[in-house]
Protein chains: 2
Amino acid sequence: MGIVAAADENTAPRRRGRRPGGADTRTSLLDAARAVFAERGYDGATVRVIAERAGVDPAMVNHWFGGKEPLFVAALNLPADPATILGEAVSGDPDELAERILCRLLEVWDSTGGAQFAALLQSIATQDVAAALLREFIARVLVGKVLREVAPDRPELRATLCGTQMFGLAFVRYVLKVEPLASADHATIVSAVAPNLQRYLTGPLP
Amino acid sequence: MGIVAAADENTAPRRRGRRPGGADTRTSLLDAARAVFAERGYDGATVRVIAERAGVDPAMVNHWFGGKEPLFVAALNLPADPATILGEAVSGDPDELAERILCRLLEVWDSTGGAQFAALLQSIATQDVAAALLREFIARVLVGKVLREVAPDRPELRATLCGTQMFGLAFVRYVLKVEPLASADHATIVSAVAPNLQRYLTGPLP
DNA sequence: GTCTATACAACGATAGAC
DNA sequence: GTCTATCGTTGTATAGAC
C-alpha cells in the first residue's frame with residue numbers, strides 16, 4: 001500500500017509524477033469543488049481546501065481547469081458556460097444588452113433541448129449543493145461580469161432581478177413546456193422579454 | 001332486497017350510505033385527480049373518470065370540493081389558492097393590476113417561508129405529474145381568470161410570460177435565497193418587478 | 001334519535017355525427 | 001338541422017357513525 005501519502009504535514013513525501021492510473025483527478029476535483037463551494041461560498045472556498053478534499057495537489061486546479069473561477073463554472077455544470085456568453089454580450093451598445101444576452105442564451109438552451117436544464121433543476125431541488133452553487137453564480141458571475149460594468153447603481157439587486165427573469169423563462173419554456181412559449185421562435189421571445197430584462201439591467205429602479 | 005334496480009344490467013348495486021370507516025374518499029379523489037389531470041390535462045380529465053379511478057361516485061367531487069375546478073386547484077396543493085388571489089386582484093385599476101398581484105403573492109409566500117414552494121419544486125423536478133399540473137395551472141387559471149378579462153390580445157402568450165416572471169421571482173427569493181432579493185422588503189420588490197409584470201399583462205407586445 | 005358520507009338518477013349544456 | 005353521446009352538476013334517498 002502506501003502509494004498516496006496523506007495530504008497534511010507530517011507525512012512521507014508525496015509521490016511525484018503521474019498517478020498510477022484510474023484515479024480521475026478531474027472528477028475528484030469537481031466533486032470536491034461542488035462540496036466546498038456549497039459549504040463556504042465562492043470566497044470562503046480556497047483552492048487549497050478543495051484540492052486537499054480531492055486528495056490532489058492544488059496545482060491540478062490550474063492544470064485541469066485553468067483557475068479557480070473556471071473550476072467554479074465547471075462545477076456548476078450548466079448547459080454552456082454562462083460566463084463567456086455574458087462576457088461576449090457586454091461589448092456593444094448597452095441599450096441592446098438584454099437583446100444580445102437573450103439571443104445567445106436561447107441558442108445555447110435550444111441546442112440541448114433543455115434536457116440539461118431539467119437535470120440541473122432536479123439536483124437543485126434534491127441537494128442543497130446545487131442551489132448554493134447557483135446562488136453563487138448569480139451573485140458572482142452575473143454581478144461581477146455584467147452588472148458592474150453596465151450599471152453601477154445597485155448591481156446586486158439588478159443581478160438578482162435579471163436572475164428571476166432568466167431562470168423563470170428557462171423553466172417555463174424548457175421544463176414546464178407551457179405553450180405558446182415552449183414552441184415560440186427566438187424573435188418572438190426576444191422582443192417580448194428583452195425590454196423587461198433591459199429594464200432590470202439599465203432601467204430606472206426605485 | 002330489491003330496493004333499487006341495478007344501474008347497469010348485471011351488477012349488484014353498490015352499497016349506499018356512509019362507508020364503514022377509514023376509507024378516505026377525499027384523499028382518494030385527490031390522488032386520482034393528480035394522476036388523471038397529469039395524464040390527460042384539465043379538459044381531457046373528466047370528473048367521471050377521476051371518480052371511477054378513486055372508486056367513488058362522481059357526485060363526491062362536488063360534495064368534497066365543490067366542483068371540478070376547485071378539485072384541480074386542491075390537487076395542485078399550492079401555498080394558498082392562486083385562483084382566488086388572482087380573482088380578487090382583477091377588480092380595480094387595470095394599470096395597477098401587477099402591483100396588486102405582487103403584493104398579495106408576496107404576503108402569501110412570505111407567510112409560509114417558501115417551504116411549501118420548495119416542496120412543490122421538488123415534486124416538479126422528480127415527477128412529471130406536478131409539472132403537468134403546474135402547466136395546466138398557468139394555461140388555465142392564469143389565462144382564464146386574469147388575462148382574458150384584461151388583455152384580449154394574445155392572452156396565452158401574456159400568461160406564460162407572466163408565469164416566467166412570477167415563478168422566477170419565487171424561485172430566486174424563496175428557494176435559492178439570493179441576496180439582496182431574499183431579504184428585500186415587499187415595497188422594494190413590488191416597485192422593482194411590478195412594472196415588468198404590468199408590461200406582460202397590458203403593455204405592448206411584438 | 002341526529003348527522004353526514006354516500007349512491008343513484010336526472011337535468012341543462014355542449015360538441016360531434018349524420 | 002336533428003340526434004346522440006357525454007360532460008359537469010344538482011337533488012334526493014339511504015345507510016352507517018355518533
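Because the structure is a prediction, the values reported are computed rather than measured. Letters go in sequence order (proteins before strands), and every chain restarts at 1.
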What's the [atom1]-[atom2] distance between [X] and [N], to the nearest Å?
X	N	atom1	atom2	result
B/Arg26	C/dA5	CZ	C1'	14 Å
B/Asp57	D/dC7	CG	P	14 Å
B/Asn62	C/dT6	CG	P	14 Å
B/His63	C/dA5	NE2	P	5 Å
B/Lys68	D/dT9	NZ	C1'	12 Å
B/Phe65	C/dA5	CZ	C1'	14 Å
B/Glu52	C/dA7	CD	P	13 Å
B/Met60	D/dT12	CE	P	16 Å

>> Closest approach to the side chain of B/Thr25, judged atom by atom: which nucleotide of C/dC8, D/dG8, C/dA5 is it?
In response: C/dA5
> If you check every side-chain atom of B/Ala59, which of D/dT9, D/dG8, D/dT10 has the closest atom?
Replying inline: D/dT10
> Does B/Glu39 reach the side chain of B/Arg53, with side-chain heavy atoms less than 4.5 Å apart?
Replying inline: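 Answer yes - side chains close enough.
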>> Within the structure provided, determine whether A/Leu30 and A/Phe65 are in side-chain contact (heavy-atom separation under 4.5 Å).
In response: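 In short, these two side chains touch, coming nearer than 4.5 Å.
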>> So B/Ala45, base contact, sugar-phosphate only, or nothing? Heavy-atom distance under 4.0 Å.
In response: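 The residue B/Ala45 makes sugar-phosphate contact but no base contact.
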> Is it true that A/Asp153 and A/Arg158 have a side-chain N and a carboxylate O under 4.0 angstrom from each other?
Replying inline: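 Yes, this pair counts.
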> For B/Asp31 and B/Ser28, does a side-chain donor sit closer than 3.5 Å to a side-chain acceptor?
Replying inline: no
